[in-house]
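Since the structure comes first, as structure tokens, the remarks are kept for the end.
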Amino acid sequence: QVQLVESGGGLVQAGASLRLSCAASGGILSGNVMAWFRQSGEKEREFVSAINLGGGSTDYADSVKGRFTISKDNTKNTVYLQMDSLKPEDTAVYYCAARPGSAVLRRRSNYAYWGQGTQVTVSS
């Protein structure tokens, strides 16, 4: 049973940085994909970034490209999301997700496993 546990959220001012962590256990393999999504209020949960745990290929939503960096530490089964130059519109609950395939995809329906989420609030 795959389990994903996020940490690192918090309240920061605009322009600050945060690093989110997602620790995976229970069957995530090298070559699988882990991703970050976010959801704000009544909006749809949206794709933020994803990484292949084997080759390291990545993808980013246009809204975060150049500000956020996704990375992995396979020895710790952990994926990170470094968030710099945060904006109030980045405020959301951030969810970690994983899929057993190797393709780096953006659709929520492509991901079978989800964490509980961590709140990120950016004040202006």
Side-chain angles (χ1 to χ4, degrees):
Q1 181 73 17
V2 174
Q3 291 188 326
L4 304 174
V5 179
E6 303 101 332
S7 61
L11 170 64
V12 297
Q13 291 188 329
S17 298
L18 276 176
R19 188 176 80 157
L20 304 183
S21 300
C22 176
S25 61
I28 294 297
L29 304 176
S30 174
N32 291 164
V33 173
M34 291 180 67
W36 290 95
F37 288 74
R38 66 187 182 185
Q39 187 168 17
S40 176
E42 298 300 314
K43 295 181 180 179
E44 291 287 321
R45 192 172 298 186
E46 64 175 1
F47 171 80
V48 175
S49 184
I51 187 167
N52 180 289
L53 299 178
S57 58
T58 59
D59 189 21
Y60 295 92
D62 288 345
S63 59
V64 306
K65 199 172 294 184
R67 299 188 298 121
F68 291 10
T69 304
I70 193 169
S71 62
K72 61 185 178 70
D73 184 340
N74 288 359
T75 65
K76 297 181 180 179
N77 288 337
T78 299
V79 169
Y80 304 97
L81 185 68
Q82 176 67 40
M83 305 186 295
D84 298 321
S85 301
L86 282 161
K87 304 175 181 180
E89 50 263 44
D90 294 318
T91 295
V93 177
Y94 283 71
Y95 295 91
C96 179
R99 63 182 306 270
S102 60
V104 176
L105 302 175
R106 294 188 172 201
R107 286 188 178 181
R108 178 181 174 181
S109 60
N110 292 129
Y111 291 81
Y113 308 105
W114 293 86
Q116 293 300 307
T118 185
Q119 176 71 46
V120 172
T121 303
V122 185
S123 63
S124 59

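Model, not experiment: these values are computed from the prediction.
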Query raised in the report: Rounded to the nearest 0.5 Å, how far does SG of C22 lie from NZ of K72?
Result: 14.5 Å
**Report entry** Over all atoms of both residues, closest heavy-atom pair of G8 and L18
**Finding:** O-CD2, 3.7 Å
Query raised in the report: What pairs meet the salt bridge (Lys or Arg N to Asp or Glu O under 4.0 Å) rule with one or both residues in residues 53-63, with sequence neighbours excluded?
Result: D59-R106, D62-K65
Query - Backbone N/O of A61 and side chain of S63: donor-acceptor pair under 3.5 Å - result: no
**Report entry** N/O donor-acceptor pair under 3.5 Å between N74 side chain and N77 backbone
**Finding:** no
Requested in this report: Would you mind reporting whether V48 and Y60 have side-chain heavy atoms less than 4.5 Å apart?
Outcome: no
Query raised in the report: Can you find a heavy atom in the side chain of L81 that is under 4.5 Å from one in the side chain of F68?
Result: yes
Query - Backbone of G9 reached by a side-chain donor or acceptor of T118 within 3.5 Å - result: yes
Query raised in the report: Stepwise, does the side-chain contact (heavy atoms from CB on, under 4.5 Å) test hold for M83 with V120?
Result: CA-CA 10 Å; M83 305 186 295; V120 172; 3.9 Å; yes
Query - Side chains of V33 and L53 in contact at under 4.5 Å (non-hydrogen atoms) - result: no
Query raised in the report: Taking atom types as modelled and ignoring hydrogens, do the side chains of S17 and D84 form a donor-acceptor contact shorter than 3.5 angstrom?
Result: yes
Report task. Tell me, please, which residues at least two apart from F37 pass ring pair (Phe, Tyr, Trp, His ring centres under 6.0 Å). Result -> F47, Y111, W114
Query - Pair R38-Y94, side-chain donor/acceptor within less than 3.5 Å - result: yes
Report task. Measure across C96 and L4 and return the closest heavy-atom pair with its distance rounded to 0.1 Å. Result -> O-CD1, 3.7 Å
Query raised in the report: Within a radius of less than 6.0 Å around CD of Q116, do more than 12 heavy atoms belonging to other residues, nucleotides or ligands occur?
Result: no
Query - Verify same cluster id: V93, L20 (apolar side-chain graph, 4.5 Å) - result: no
Report task. Give a yes or no on whether the backbone of S25 and the side-chain of Q3 come within a donor-acceptor separation of less than 3.5 Å. Result -> no
Report summary line: Residues passing the side chain to side chain contact (heavy atoms under 4.5 Å, CB included) test with Q39, sequence neighbours excluded, are R45, Y95
Report summary line: Of all heavy-atom pairs linking V104 and S57, the shortest is CG2-OG, 3.5 Å
Query raised in the report: Can you tell me if N32 uses its side chain to pair, donor with acceptor, with the backbone of A98 under 3.5 Å?
Result: no
**Report entry** Donor-acceptor contact below 3.5 Å, side chain R67 vs main chain S85
**Finding:** yes
Query - Check: T69 main-chain N/O paired with Q82 side-chain donor or acceptor under 3.5 Å - result: no
Report task. Check K76 against T78 and note the closest heavy-atom contact, atom names and distance. Result -> O-OG1, 2.8 Å
Query raised in the report: Transitively linked via ILVMFWY side-chain contacts under 4.5 Å: Y80 with M34?
Result: no
Query raised in the report: Stepwise, does the side-chain contact (heavy atoms from CB on, under 4.5 Å) test hold for E6 with W36?
Result: CA-CA 10 Å; E6 303 101 332; W36 290 95; 3.8 Å; yes
Requested in this report: Would you mind reporting whether R99 and L105 have side-chain heavy atoms less than 4.5 Å apart?
Outcome: yes
Query raised in the report: Do E89 and T91 have side-chain atoms, one donor and one acceptor, less than 3.5 Å apart?
Result: no
